[in-house]
*Asks:* 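Quick one: the structure is below, questions incoming.
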2 protein chains.
Amino acid sequence: MEMNERKTKILEAIIKNYLETGEPVGSRTISKLEGLKVSPATIRNEMSDLEEMGYILQPHTSSGRIPSDKGYRFYVDRMMSEKEKEVSDMKDMVVQKADQLSELLQQVSKLLAESTNYAAMVSSPQIHHNKLKFIQLSKVDANSVLAVIVVEGNIIKNKMIPVEEEIDQDTILKLNLLLNTHLNGLSLEEINLGLITLIKERAGIHSEMIGSVIDAVAEAIRADEDLEIYTSGANNIFRYPELSDNQKASEIISTLEEKNQFEELMSRSLSEIDDKLDSEQHGIQVYIGNESPIKSMKDCSVVTATYELEDGMKGMMSIIGPKRMDYEKVAKTLKKLQEELDTLYKKKK
Amino acid sequence: MEMNERKTKILEAIIKNYLETGEPVGSRTISKLEGLKVSPATIRNEMSDLEEMGYILQPHTSSGRIPSDKGYRFYVDRMMSEKEKEVSDMKDMVVQKADQLSELLQQVSKLLAESTNYAAMVSSPQIHHNKLKFIQLSKVDANSVLAVIVVEGNIIKNKMIPVEEEIDQDTILKLNLLLNTHLNGLSLEEINLGLITLIKERAGIHSEMIGSVIDAVAEAIRADEDLEIYTSGANNIFRYPELSDNQKASEIISTLEEKNQFEELMSRSLSEIDDKLDSEQHGIQVYIGNESPIKSMKDCSVVTATYELEDGMKGMMSIIGPKRMDYEKVAKTLKKLQEELDTLYKKKK
DNA sequence: GTTAGCACTCATTTTTATTGAGTGCTAATT
DNA sequence: AATTAGCACTCAATAAAAATGAGTGCTAAC
């Protein structure tokens, strides 16, 4: 069967109506809509076709229709490819400067949740080509030395290292020099066992301590170790009856809490967005129901967008809501926030 | 009216039964309990008295009774003052060493939630007498300087400071010396405007940068700025029907998310525990329903305990659950974890 | 190809009955 | 004087029955 313009219009009307009300949509409701001057009976025939084609479903005989995942997908694809309307009267979002990245991201997730009324999730940026930029050991007190490690993208990692015997300033200086000359500018792959042994040798009696430092360096560079997830607006799911029975709500909320579930989503979404970057969709991905890599989100839709800070630090933000979420608004909001982060970063620079 | 032994027994029986079932308890149920050899009618009379005294409530005429907040309070007070039974077959909890405090606390909250099946919340420690221990500026690249600030208790704070013109190593060394000689060992109150002006003067053309550094120091020392809250097990509330209607669940979950709500709870609980430290209750506080400083917790009970790391760093952990929570188990679990943290810290030292 | 008409379906709502746990009170018993 | 048996009564919860109404599919007329 072929999709024609009237079918498209009817499908769109069904979906739009369902997005608003969350209730199955009947033929009469649609016939009353202006623009489409046909009787309910005709609509019924078309609906019957649409159902056969898999775009809509009947929860039970003699109820109205609701969109299937395929129906949503059709709608979302059409919407996304449309020329973007000017960013309408969207709530102004102001990301305040925060000097800690974590604060900033927490703020972003809150902002997303508040302006969409869905749940939001923001990941810390994953650094791709991260090289060591700077190491510094400092003597903090008689039996502890602090190692500060800065990697590209100005990610900072601290590690307090206990020492048996007090170390004098001179030695610290020497060790600093040793570490910096050998390690600066290197990536994880370049720091191999040979190099480590060499450095340890040169460190003499302090080789053990240097071992700890190098471990910390490795940890700092390895990106996924530091992947943090910020969530907000979990309680928003209670706004949508179809998600708020105990079973589902509990599942969604624990997923939001079990932040590690998002790693998969993140890596998949990052790569998929890379793939179709040419299609110029502002790097926004929509997962409807079972399309989502997170199985417990089968009753939700997940919309993800990437953001990019300096030096290729890419992170992800997503909105989690019912399948009948306002995709248009969500996409706009994400786009807005992408830009916001962009300009914020530029200002900072 | 007076409380006698039989009334106490009956009250206790009502509460225990209600804790298990969550259903109102009737006179026949209690009469069938061994140990109390009286007829349901007698129980009814006693129950009538207990109700008059405010220990129990009838949800509606001709239903069984449920404990009132006052009833729970009676029960909890009795339980807490009993000689503590040996820590029975409690699930072994192992706090793995984590080198980041935040990881550790997140882990603790998860552990609490998992072993009690309630929601858990852990605060980062609040430092009381925090003095500056160590400052270090380092040149990271041509236009940024990294300030590392260590306060007592080995809390580390990093701040990246952009600079207009490149600074040479010598100047950095001088500034480091300047800062350390003037600021080390001082607490927030001791760093006054006069001192700041003095330092800025000495810093000459770098006074502006030094200003940023001192701001960061102030921020690092001010404890409440850094108060972080870790939560876990929010979804556990769905285990308890009396909390899982949408209204209540949503309220509780957003409270868990709005972490700032806990500040009040924390400060109050810390001081109250200080007050009655002599009464030897292991610093465990129970807030039943409206007793809680957090208004949205009126349908829950909140049990809090403090923990203490080195140098008087005190933090709080709490369990949030239904009023009919297993207070005994919760108290034991908290106690266990207090000890665990204690030994962990000692090992570390 | 479109529409009016109609019988039919079925979730939802409303109504009515039924059940049963639990009470309070009174009068008998210990 | 305290305890208990007995009984009428209350009321949430469950079940069963009836009414409602939105919506469908199909057929026949336009």
Side-chain angles (χ1 to χ4, degrees), chain A residues 1-11 13-15 17-18 20-68 71 241-242 244-245, chain B residues 1-11 13-15 17-18 20-68 71 241-242 244-245:
Chain A
M1 200 165 314
E2 281 290 291
M3 200 70 176
N4 59 30
E5 190 181 351
R6 193 167 69 187
K7 282 196 174 54
T8 306
K9 264 190 182 158
I10 291 174
L11 176 55
I14 294 172
I15 295 181
N17 194 283
Y18 184 72
E20 271 174 39
T21 65
E23 294 295 321
V25 186
S27 53
R28 228 171 79 83
T29 313
I30 292 186
S31 76
K32 274 186 290 187
L33 250 47
E34 52 182 295
L36 215 53
K37 280 156 299 180
V38 286
S39 78
T42 311
I43 308 267
R44 282 206 285 285
N45 291 332
E46 296 284 39
M47 279 162 87
S48 174
D49 290 352
L50 284 168
E51 180 162 12
E52 202 181 318
M53 291 157 80
Y55 289 107
I56 53 181
L57 298 173
Q58 238 178 338
H60 57 87
T61 339
S62 90
S63 82
R65 307 303 215 284
I66 63 174
S68 67
E242 68 267 45
S244 35
D245 68 285
Chain B
M1 200 166 314
E2 281 291 291
M3 200 70 176
N4 59 30
E5 190 180 351
R6 194 168 66 185
K7 281 195 175 53
T8 305
K9 264 192 183 157
I10 291 175
L11 177 55
I14 293 173
I15 296 181
N17 195 283
Y18 184 73
E20 270 174 39
T21 64
E23 295 295 321
V25 187
S27 54
R28 229 171 78 84
T29 314
I30 292 186
S31 76
K32 275 186 291 190
L33 251 47
E34 53 182 294
L36 214 54
K37 280 156 298 180
V38 286
S39 79
T42 312
I43 309 267
R44 281 205 285 285
N45 291 331
E46 296 283 41
M47 279 162 88
S48 175
D49 291 351
L50 284 168
E51 181 163 11
E52 203 182 319
M53 292 158 80
Y55 289 106
I56 53 181
L57 298 172
Q58 237 178 339
H60 57 86
T61 339
S62 88
S63 80
R65 307 303 214 285
I66 63 173
S68 68
E242 68 267 45
S244 35
D245 69 284

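Every chain is numbered from 1, with letters handed out A, B, ... down the list of sequences.
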*Asks:* Sequence neighbours excluded, which residues qualify as side-chain contact (heavy atoms from CB on, under 4.5 Å) partners of A:Ile66?
*Replies:* A:Tyr18, A:Pro24, A:Leu57, A:Pro59
*Asks:* Sort and list the pairs that fulfil salt bridge (Lys or Arg N to Asp or Glu O under 4.0 Å) and have at least one residue in residues 54-66 of chain B, not counting sequence neighbours.
*Replies:* B:Glu51-B:Arg65
*Asks:* Could you pull out all residues at least two apart from B:Arg28 that satisfy side chain to side chain donor-acceptor pair (under 3.5 Å)?
*Replies:* none
*Asks:* What is the distance, rounded to the nearest whole Å, between atom CD of A:Gln58 and atom C1' of C:dC8?
*Replies:* 13 Å
*Asks:* Rounding to 10°, can you tell me the angle the first-five-pair axis of the helix from C:dG1-D:dC30 to C:dT30-D:dA1 makes with its last-five-pair axis?
*Replies:* 20°
*Asks:* Which residues pass the side-chain contact (heavy atoms from CB on, under 4.5 Å) test with B:Asn45, sequence neighbours left out?
*Replies:* none
*Asks:* Could you give the CE-to-C1' distance, from A:Met47 to D:dG23, as a whole number of Å?
*Replies:* 9 Å
*Asks:* Can you sort out which residues in residues 21-29 of chain A have a heavy atom within less than 4.0 Å of DNA chain D? Ascending by number, please.
*Replies:* A:Gly26, A:Ser27
*Asks:* B:Leu57 CG to C:dT23 C1': how many Å, rounded?
*Replies:* 16 Å
*Asks:* Which pairs count as ring-ring contact (aromatic ring centres under 6.0 Å, His included) when at least one residue sits in residues 39-60 of chain B, sequence neighbours excluded?
*Replies:* B:Tyr55-B:Phe74
*Asks:* For A:Ser39, which residues count as a side chain to side chain donor-acceptor pair (under 3.5 Å) partner, sequence neighbours excluded?
*Replies:* A:Thr42
*Asks:* Specify the separation, in whole Å, of atom CD1 of A:Ile30 and atom P of D:dA22.
*Replies:* 16 Å
*Asks:* Which atoms form the tightest heavy-atom contact between B:Leu33 and B:Ala13, and what is the distance?
*Replies:* CD2-CB, 3.8 Å
*Asks:* To the nearest Å, how far apart are B:Glu46 CD and C:dG22 P?
*Replies:* 18 Å
*Asks:* Nucleotides 10-15 of chain C: which of its N/O atoms have a protein N/O under 3.5 Å away?
*Replies:*
| unit_1 | atom_1 | unit_2 | atom_2 | d |
| --- | --- | --- | --- | --- |
| C:dC10 | OP1 | A:Thr61 | OG1 | 3.2 |
| C:dC10 | O4' | A:Ser62 | OG | 3.3 |

*Asks:* Can you tell me if NZ on A:Lys9 sees more than 12 non-hydrogen neighbours from other groups inside 6.0 Å?
*Replies:* no
*Asks:* Once you round it to whole Å, what is the distance between C1' of D:dT3 and NZ of B:Lys7?
*Replies:* 14 Å
*Asks:* Quick one: side chain to side chain donor-acceptor pair (under 3.5 Å) partners of A:Asn17, sequence neighbours excluded?
*Replies:* none
*Asks:* Can you tell me how far P of D:dT3 sits from CG of B:Leu36, to the nearest Å?
*Replies:* 11 Å
*Asks:* Can you check whether A:Ile10 reaches A:Lys7 side chain to side chain, under 4.5 Å on heavy atoms?
*Replies:* no
*Asks:* With side chain to side chain contact (heavy atoms under 4.5 Å, CB included) as the criterion, how do A:Glu46 and A:Val38 come out once you've worked through the C-alpha distance, each side chain's angles and the decisive distance to 0.1 Å?
*Replies:* CA-CA 11 Å; A:Glu46 296 284 39; A:Val38 286; over 6 Å; no
*Asks:* Taking CG from A:Leu50 and P from D:dG23, how many angstroms apart are they, rounded to a whole number?
*Replies:* 17 Å
*Asks:* Check nucleotides 4-6 of chain D for protein N or O atoms closer than 3.5 Å to its own N or O atoms and list the pairs.
*Replies:*
| unit_1 | atom_1 | unit_2 | atom_2 | d |
| --- | --- | --- | --- | --- |
| D:dT4 | OP2 | B:Ser39 | N | 3.0 |
| D:dT4 | OP2 | B:Thr42 | OG1 | 2.7 |
| D:dG6 | O6 | B:Arg44 | NH2 | 3.3 |

*Asks:* Provide the closest heavy-atom pair for A:Ser27 versus A:Pro40 in the form atom of the first, atom of the second, distance.
*Replies:* CB-O, 3.6 Å
*Asks:* B:Met47 and B:Ile56: which non-hydrogen atoms are nearest, and at how many Å?
*Replies:* O-CD1, 3.5 Å
*Asks:* Looking at residues at least two apart in the chain, or sitting in another chain, which of them share a side chain to side chain donor-acceptor pair (under 3.5 Å) with A:Thr29?
*Replies:* none
*Asks:* When you measure from the side-chain N and O atoms of B:Arg65 to the phosphate of C:dT23, is any distance below 4.0 Å, counting only OP1 and OP2?
*Replies:* yes
